[in-house]
Amino acid sequence: MTSTLPDPTRVLVHPAIVRVTHWINALAILIMIGSGWRIYNNVPIFSSIEFPLWATLGGDPDLTYARNSDVGFSNALLWHLAGMWLFTVNGLIFLAYGVFSGRYFRKLFPIRPREVTATVADTLRLKLAHDDLTVYNAVQKLLYLGVIAAMVLAAISGLSLWKPVQFQSLITLFQGFQGARLVHFLCMSAIALFLVVHVTLALLVPRTFLSMVTGKVRAPSRLSIDAAE
Ligand code: HEM
């Protein structure tokens, strides 16, 4: 009889629920940003900022036809509302697991300012330390916490824009409908900026990308199962 023993040189860092919700979240964010840009173009907040149609979702099938047509706008709105459910339901599972399993507490804390400045200095000198993929460095911890906060605030401000009458108190909190739009826009900008850095780092260290697919990484020499999942 043959038995398959687990490979002792590999440790699980991302359980299946984290991997599945992470990739669904990535898809949901692309849908939300792409359609959101098309909706924004209809009535821009800043006259100098308009998103190229090719980068938007739900826009006009024929790009030469009326730049800001109502067809493109209403299609984008449908995409945005459909994406909203995927983003919210999946995001709640992603967050609930991270909080209630204690994963965020173990992996994202503590954040020491001295470690943040040291990691930034190392990165600027192109000395990215990535020997031990079972732990996040201080900058990763900050970025992950920041993007989680931006996603929560994007959802809350989005809710107030979707149902401004029912969520009047939220609209008041954001200093009116235009204030809520501005907060929603700033959250989107923070998430988009995070994505540029996050995807670049994942491509620079492809082993991290693989770990988000298989869940496993090579065990560090001092096996810290506690720091991993
Ligand atoms: C679409 C392209 C994306 C790629 C290629 C990507 C890649 C990765 C990789 C490789 C990791 C593991 C890092 C490591 O173990 O060192 C990771 C973790 C993470 N990513 Fe992404 N990601 C993407 C999209 C997103 C988006 C859209 C968000 C949120 C807005 C996000 C939020 C996170 C968070 C919070 C973690 C930490 C998860 C945890 O440990 O619980 N990612 N990502």
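One-based numbering along the sequence shown. Side chains are part of it too, since the values below use all heavy atoms of this structure and drop only hydrogens, waters and symmetry mates. Order of appearance sets the numbers: ligands from 1, and atoms from 1 within every ligand.
Taking only nitrogen or oxygen atoms, main chain and side chain alike, K107 does not reach within less than 3.5 Å of ligand 1. Of the N or O atoms in T208, none lie within a sub-3.5 Å distance of an N or O in ligand 1. Any N or O atom pair closer than 3.5 Å counts here, and Y144 shares no such pair with ligand 1. Polar contact check, Y136 against ligand 1: a nitrogen or oxygen pair lies under 3.5 Å apart. Of the N or O atoms in N25, none lie within a sub-3.5 Å distance of an N or O in ligand 1.
Nearest protein heavy-atom neighbour of atom 16 (O) of ligand 1: Q140 NE2, 3.2 Å. Shortest contact from atom 11 (C) of ligand 1 to any protein heavy atom: M212 CG, 3.7 Å. Of the protein's heavy atoms, H198 NE2, 2.6 Å lies nearest to atom 43 (N) of ligand 1.
Side-chain atoms of C187 and L153, non-hydrogen and from C-beta on, do get closer than 4.5 Å to each other.
Heavy-atom proximity to V199, at under 4.0 Å, picks out these atoms of ligand 1: 2 (C), 3 (C). Under a 4.0 Å criterion applied to the non-hydrogen atoms of R103, ligand 1 contributes the atoms 39 (C), 40 (O), 41 (O). Every atom of ligand 1 with a heavy atom of A26 under 4.0 Å away is listed here by number and element: 1 (C), 24 (C), 27 (C). Heavy-atom contacts of H14 reach the following atoms of ligand 1: 12 (C), 15 (O) (cutoff under 4.0 Å). With ligand atoms numbered from 1 in the order given, ligand 1 contributes 24 (C), 27 (C) to contacts under 4.0 Å with heavy atoms of L195. Below 4.0 Å from some heavy atom of V147 lie the following atoms of ligand 1, by number and element: 30 (C). Each of the following atoms of ligand 1 lies closer than 4.0 Å to a heavy atom of F209: 5 (C), 10 (C).
Between atom CZ of residue R207 and atom CZ of residue R218 there is a gap of 6.0 Å, rounded to the nearest 0.5 Å. The line from CE of M32 to CD1 of I191 is 9.0 Å long, rounded to the nearest 0.5 Å. Rounded to the nearest 0.5 angstrom, L77 CG and M84 CE are separated by 10.0 Å.
A distance-only check finds a donor-acceptor pair linking the side chain of Q140 to the backbone of N137 [under 3.5 Å].
Taking a 6.0 Å sphere around CZ of R19, one finds it holds more than 12 heavy atoms contributed by other residues, nucleotides or ligands. In this structure, F46 places its CZ atom where more than 12 heavy-atom neighbours from other residues, nucleotides or ligands lie under 6.0 Å away.
Heavy-atom separations between S211 and ligand 1 include at least one value shorter than 4.0 Å.
Taking the six-membered ring for Trp, H198 and Y144 have ring centres closer than 6.0 Å. Residues F209 and W23 place their aromatic rings such that the two centres sit under 6.0 Å apart.
With a 4.0 Å cut-off on non-hydrogen atoms, F87 does not touch ligand 1 at all.
By the rule that hydrophobic residues join a cluster once side-chain heavy atoms approach within less than 4.5 Å of another member, L143 and V205 end up as members of one cluster.
For the pair K107 and Y136, the distance from NZ or CZ to the six-membered ring centre is under 6.0 Å and the angle to the ring normal is within 45 degrees.
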